[in-house]
Protein chains: 2
Amino acid sequence: MADDPAPLPLPRSASTAQQVHDWLYSCVLRGDLLPGQRLSETEIAARVGLSRQPVREAFIRLAENGLAEIRPQRGTYIGRISMRAVLSARLIREAVESDLARRVAGLRPDLSALHAQIAAQQMAHAAEDVPAFIEADDRFHAAMAEAAGAPEVWQDLDRLKAQMNRLRHLSMRVFDRAATMAQHRAILEALEAGDAGAAEAAVRAHLRQMLDELPQMAAAHPAYFTD
Amino acid sequence: MADDPAPLPLPRSASTAQQVHDWLYSCVLRGDLLPGQRLSETEIAARVGLSRQPVREAFIRLAENGLAEIRPQRGTYIGRISMRAVLSARLIREAVESDLARRVAGLRPDLSALHAQIAAQQMAHAAEDVPAFIEADDRFHAAMAEAAGAPEVWQDLDRLKAQMNRLRHLSMRVFDRAATMAQHRAILEALEAGDAGAAEAAVRAHLRQMLDELPQMAAAHPAYFTD
DNA sequence: CCGTCTTTACTTGTATGGAAGTTCGCGCTA
DNA sequence: TAGCGCGAACTTCCATACAAGTAAAGACGG
């Protein structure tokens with residue numbers, strides 16, 4: 001009944017539609033495309049030298065990932081940052097990652113990867129490289145998931161994280177990056193000490209920082225948000 | 001910079017491509033389309049009386065939701081149930097819903113909606129109506145999220161839940177539905193008593209049941225699973 | 001001067017044809 | 001008979017044309 005299994009799940013070269021999607025995706029997350037901005041199939045198609053069809057399919061993927069809104073016969077727009085979605089994603093991350101932190105504290109695994117990401121973040125901070133700083137931040141949390149023996153969990157959180165990352169690219173130029181790093185160090189200290197309670201508290205405190213940032217950013221850029 | 005906000009976010013009649021997607025989506029979750037089964041653009045298009053294009057776009061959405069796998073120039077197949085994805089989704093649900101249960105126990109809100117879903121599940125169980133049973137199960141958990149003051153969290157969990165629901169439609173004909181209902185009653189009892197610790201324990205125990213079901217189903221239908 | 005209707009220029013949605021690539025099977029060759 | 005090669009039939013992918021719908025600008029009537 002079921003057909004043959006895939007022998008090579010690695011696509012050697014993605015389709016052009018996939019490439020267009022990946023490009024737009026990173027543009028949205030980095031803030032090169034701003035919330036509410038209009039996207040035109042024909043314009044993007046001309047810009048990348050393709051027909052409308054692959055661009056259109058890229059839009060569909062974007063919309064399915066919650067990054068764009070297709071209004072039939074009217075236009076496609078970069079989705080505004082839903083405050084409800086951000087708060088929901090934040091709540092989920094807090095619940096999941098605090099659970100993961102407890103596991104890591106109990107397992108006492110090798111934590112050199114987390115040290116490495118903190119070092120990388122330190123360098124990005126010194127160089128004022130905001131994208132690299134955010135990437136190192138993500139890798140720190142991914143390393144924690146891996147240390148907990150559940151690396152695939154971080155993949156599932158990626159989608160939810162997308163909305164949060166958009167917010168961070170707006171706020172990271174304003175907010176205190178040193179405080180973020182201090183929180184990471186506090187988490188790592190608790191993990192190395194094997195103190196599950198302290199690790200959970202540190203993770204929850206770290207992720208609750210966004211509860212302060214969100215209303216400030218929403219007030220500063222009301223056109224970028226909904227809800 | 002940002003354009004006008006959407007006045008009517010409610011699409012009165014979705015595009016046909018969207019309808020095709022919704023149809024296929026429910027077919028996959030209900031098990032009418034089995035993991036590994038081949039999908040053909042031309043065949044589906046002929047079956048619904050449309051051209052290949054809207055069907056193709058429905059496939060893209062399915063793939064983006066993790067329910068189908070498009071292998072370029074080779075074919076599109078219903079995705080197999082990834083054991084890693086199921087375990088990851090289960091872990092996330094346990095972490096999030098145990099947190100929500102603690103909140104509900106502290107808030108002491110109106111819990112009549114949960115009672116109603118248990119009653120509905122009892123009726124579905126008596127009528128041997130498996131889909132209705134599963135739907136009532138989902139509504140119970142959704143009602144708990146709403147009682148915790150975070151209904152949007154359940155929406156985010158829907159995507160992850162999709163993989164789990166596919167598994168349940170396979171296993172619900174085999175496994176003990178009475179045990180599931182007893183677990184729901186235990187959760188509700190703890191919530192009504194306002195006992196956060198007991199509520200969390202009951203939720204975790206309920207969601208850990210899948211750890212038993214998954215290997216059994218994977219052994220019974222190895223062709224439907226990967227990892 | 002203001003309101004209303006019509007036209008026109010856009011948008012996305014769908015249909016169709018062909019291009020690129022994969023798979024399977026038949027026939028040839030050793 | 002076993003192995004190789006080629007071709008036919010299939011797949012998804014992309015390009016193009018057309019259809020349906022929206023919105024805004026302008027003409028017209030009051």
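Protein chains get the first letters and strands the later ones, always in sequence-line order, with residue 1 at the start of each.
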What is the distance, rounded to the nearest whole Å, between atom [atom1] of [X] and atom [atom2] of [N]?
X       : N      : atom1 : atom2 : value
A:Glu41 : C:dT12 : CD    : C1'   : 6 Å
A:Ile44 : C:dC10 : CD1   : C1'   : 16 Å
A:Glu69 : C:dT11 : CD    : C1'   : 14 Å
B:Arg38 : C:dT23 : CZ    : P     : 10 Å
B:Ile70 : C:dA20 : CD1   : P     : 21 Å
A:Leu39 : C:dC10 : CG    : P     : 18 Å
B:Arg74 : C:dG21 : CZ    : P     : 14 Å

Closest to the [X] side chain: [options]?
X       : options                : value
B:Pro54 : C:dA15, D:dA23, D:dT12 : C:dA15
A:Gln53 : D:dA15, D:dT12, C:dT23 : D:dA15
B:Arg52 : C:dG13, D:dT16, C:dG18 : C:dG18

Review point. With a 3.5 Å cut-off and no angle check, do the side chains of A:His125 and A:Arg177 form a donor-acceptor pair?
Key: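 Note: A:His125 and A:Arg177 side chains meet the donor-acceptor criterion.
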Please confirm whether the shortest side-chain N or O distance from [X] to OP1 or OP2 of [N] is below 4.0 Å.
X       : N      : result
B:Thr76 : D:dT12 : yes
A:Arg71 : C:dT12 : no
A:Ser40 : C:dT11 : yes
A:Arg56 : C:dG13 : yes

Check your understanding: Judged by atom type as modelled, is there a donor-acceptor pair below 3.5 Å linking the side chain of B:Asp110 to the main-chain atoms of B:Ser112?
Key ->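 Side chain of B:Asp110 to backbone of B:Ser112: a pair is present.
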Point to revise | Sidechain-backbone polar pair: B:Gln53 side chain, B:Ala17 backbone, donor-acceptor under 3.5 Å | key: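 Side chain of B:Gln53 to backbone of B:Ala17, a donor-acceptor pair under 3.5 Å: no, none is there.
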**Study point:** Worked check of salt bridge (charged side-chain N to carboxylate O under 4.0 Å, His left out) between B:Arg56 and A:Glu57
**Key:** CA-CA 9 Å; B:Arg56 169 178 175 75; A:Glu57 295 176 0; 2.7 Å; yes
Review point. With nearest nucleotides of DNA chain D determined for A:Glu57 and A:Gln73 from heavy-atom distances, which residue corresponds to the more 5′ nucleotide?
Key: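 Going by which nucleotide is closer to the 5' end, it is A:Glu57.
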Check your understanding: If you pin A:Gln18 and B:Thr42 to their nearest nucleotides in DNA chain D, which one's is more 5'?
Key ->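 Result of the comparison: B:Thr42.
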**Study point:** Touch class at under 4.0 angstrom, heavy-atom based, for B:Ile60 against every strand present
**Key:**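 B:Ile60: no heavy atom of the nucleic acid under 4.0 Å.
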Review point. Does A:Arg80 count as lying over the ring of A:Tyr224, i.e. NZ or CZ under 6.0 Å from the six-ring centre, within 45 degrees of the axis?
Key: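 The answer is no, since A:Arg80 fails at least one limit relative to A:Tyr224.
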